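Inspection log for the structure reproduced underneath, given as structure tokens.
This one's a predicted model, so the numbers in the text were calculated from it and none came from an experiment. Whatever order the structure lists ligands and atoms in, that order sets their numbers, starting from 1.
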Amino acid sequence: MQDWLKTEPIVLTGGRGSILYSADGRRFLDANSSIWTNLHGHRNAVIDAAIRRQLKQVAHTSSLGFASGPASELAADLIDLARGPKTQPRLTKVFFSDDGSTAIEAALKLASEYSRRAGISRKPRFLSLTGAYHGDTVGAVSVGHIDLFHRIWKPLLFPTDSVMAPACYRCPFNRAKPERADARTYRKCSWECVSKVEAKFAKATRAGRPYTALVVEPSLQGAAGMIPQPEGWLSKVAEITRGHKALLIADEVMTGFGRTGTGSVSGPHFHTFAAQHEGVVPDLVAVAKGLTGGYLPMAATFATQPIFDSFLGEYSDFKTFFHGHSYSGNQLGAAAALANLSLLRNPIGVDHRRSLQKAFAHQLNSLWTQPYIGDIRLCGLVAGIELVRDWRTRTPFDLTDRVGIRVCEAMARRGVLTRPIGNVLVLMPPYCTTSSQVHQMVAAVVGAITEVLGKL
Ligand SMILES: Cc1ncc(COP(=O)(O)O)c(C=O)c1O
């Protein structure tokens, strides 16, 4: 915070597509989609018009005891997208809230109470991954395992367990020497990360204290440093979770709405959520960030019918879900989200995303020649570029050297805005980004690294 006070911030006043404008007349590429939220660019004509249309009706009405057209339509659309082609919906109910953290809070409460009522676990017990980040409210922090962010809040938290997350580049079980390629592709291991999950569940079940739920960010862990899972990890872990009668909570706050790629489904179909890449349908899913295309704060928690039904009863049973937000189902947000989903489904947009993914992967590939880049972790339209002192030994820079921050500052001087996670540079372009803009982002990474680290 002290550093923030010492510097003059870039004051952002406008945007169009992937470009942002500052008060002093500069233009920048929005290379992290305004903290992972924006999908179709700024001032998108379709979303702008949807919000204007909705404003002529009403901006917000209560969802506590009342319904609204936009929120109901949005829930139906989300259920349809979560279902995937040709399958019956398993997630049939949607609870609206305000941001990623509240969507996770709702999922944790729903899981806890469902599990108790269904006689699965009397006391809620959650398992999540090392390096997990699920938001900043107290429940979300309780299932988070990033020491730097979470340790100081410990007195406020409820206890949860953690289990090894797959992280091939720095995995102690990966016997392969570093190569100039994604560590997932050349790793030498025996899926020890999956065995650890199995062992953790087995121990809890044996002790008569089974887990209520496993909470995961499917496909890749964001705030941990954009760490993708090797293909197959999620489906194996989902099977273990089911085998122990625990619920699977997928945190798709960052990964949802096509961020991790359109997937292998051909034609107009595409994967909306990361878990769909492995054919996994969780019991609860939290979404936010991209839900409104990065326009308005809105979130949703999807649940299965049995979870919903466990909150039904006679009035005098008081079984309702005692949890609600003033802005739940906000009509402006829902109108923006409906427009966002229509853009996501547009076949021309799907094609553009497919070719952008290819251009993104191709451009990033050129970075392997950079000596201070140890790993390039690519997942759809998300990339984590890890800066290291020596790629041959994976020796990291000390966090106090502020290498990630300094490189991002140098990128900003080259007209590209993003925010690092420690020594990891994040590139996450809006879907409307052109391949020449991707080229500009990657060129800024090279120039900034040379400026900051070239003198080492
Ligand atoms: C995976 C994940 N879950 C939850 C959150 C919390 O979302 P919000 O900042 O909207 O509360 C984030 C935010 O970065 C996230 O990346």
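- In terms of protein heavy-atom proximity, atom 12 (C) of ligand 1 is nearest to Tyr133 CE2, 3.5 Å.
- Looking at Arg90, its side chain does come within 3.5 Å of a backbone N or O of Pro282 through a donor-acceptor pair.
- Pro297 is not listed as a side-chain neighbour of Asp99, based on a closest heavy-atom distance of 4.5 Å or more.
- The single protein non-hydrogen atom nearest to atom 7 (O) of ligand 1 is Gly100 CA, 3.3 Å, given as residue, atom name and distance.
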Q: Give the C-alpha distance, both sets of side-chain angles, the deciding distance and a yes or no for side chain to side chain donor-acceptor pair (under 3.5 Å) between His40 and His42.
A: CA-CA 7 Å; His40 310 289; His42 300 277; over 6 Å; no
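- Atom 3 (N) of ligand 1 has Asp251 OD2, 2.6 Å as its closest protein atom, hydrogens excluded (heavy atom only).
- Heavy-atom contacts of Lys289 reach the following atoms of ligand 1: 12 (C), 13 (C), 14 (O), 16 (O) (cutoff under 4.0 Å).
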**Q.** Residues Gln331, Thr61; criterion side chain to side chain donor-acceptor pair (under 3.5 Å); working and verdict
**A.** CA-CA 7 Å; Gln331 297 212 34; Thr61 52; 2.7 Å; yes
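- Proximity of Tyr211 to Asp161: side-chain heavy atoms (C-beta onward) are separated by under 4.5 Å at one or more points.
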Q: Check step by step if side chain to side chain donor-acceptor pair (under 3.5 Å) holds for Thr433 and Ser18.
A: CA-CA 6 Å; Thr433 303; Ser18 300; 2.8 Å; yes
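- Every atom of ligand 1 with a heavy atom of Glu217 under 4.0 Å away is listed here by number and element: 1 (C).
- At a heavy-atom cutoff of 4.0 Å, ligand 1 is contacted by the backbone of His134 but not by its side chain.
- Residue, atom and distance of the protein heavy atom nearest to atom 5 (C) of ligand 1 are Val253 CG1, 3.7 Å.
- Between Lys93 and Ile307, the closest side-chain pair of non-hydrogen atoms is not below 4.5 Å.
- By the definition of a contact as any protein heavy atom under 4.0 Å away, atom 14 (O) of ligand 1 is in contact.
- Closest to atom 16 (O) of ligand 1 among all protein heavy atoms lies Trp36 CZ3, 3.5 Å.
- Scanning the protein for heavy atoms near atom 6 (C) of ligand 1, the closest one is Gly135 CA, 3.6 Å.
- Within the 4.5 Å cutoff, no side-chain heavy atoms of Val382 are placed close to those of Thr255.
- At a heavy-atom distance under 4.0 Å, atoms from both the backbone and the side chain of Ser101 approach ligand 1.
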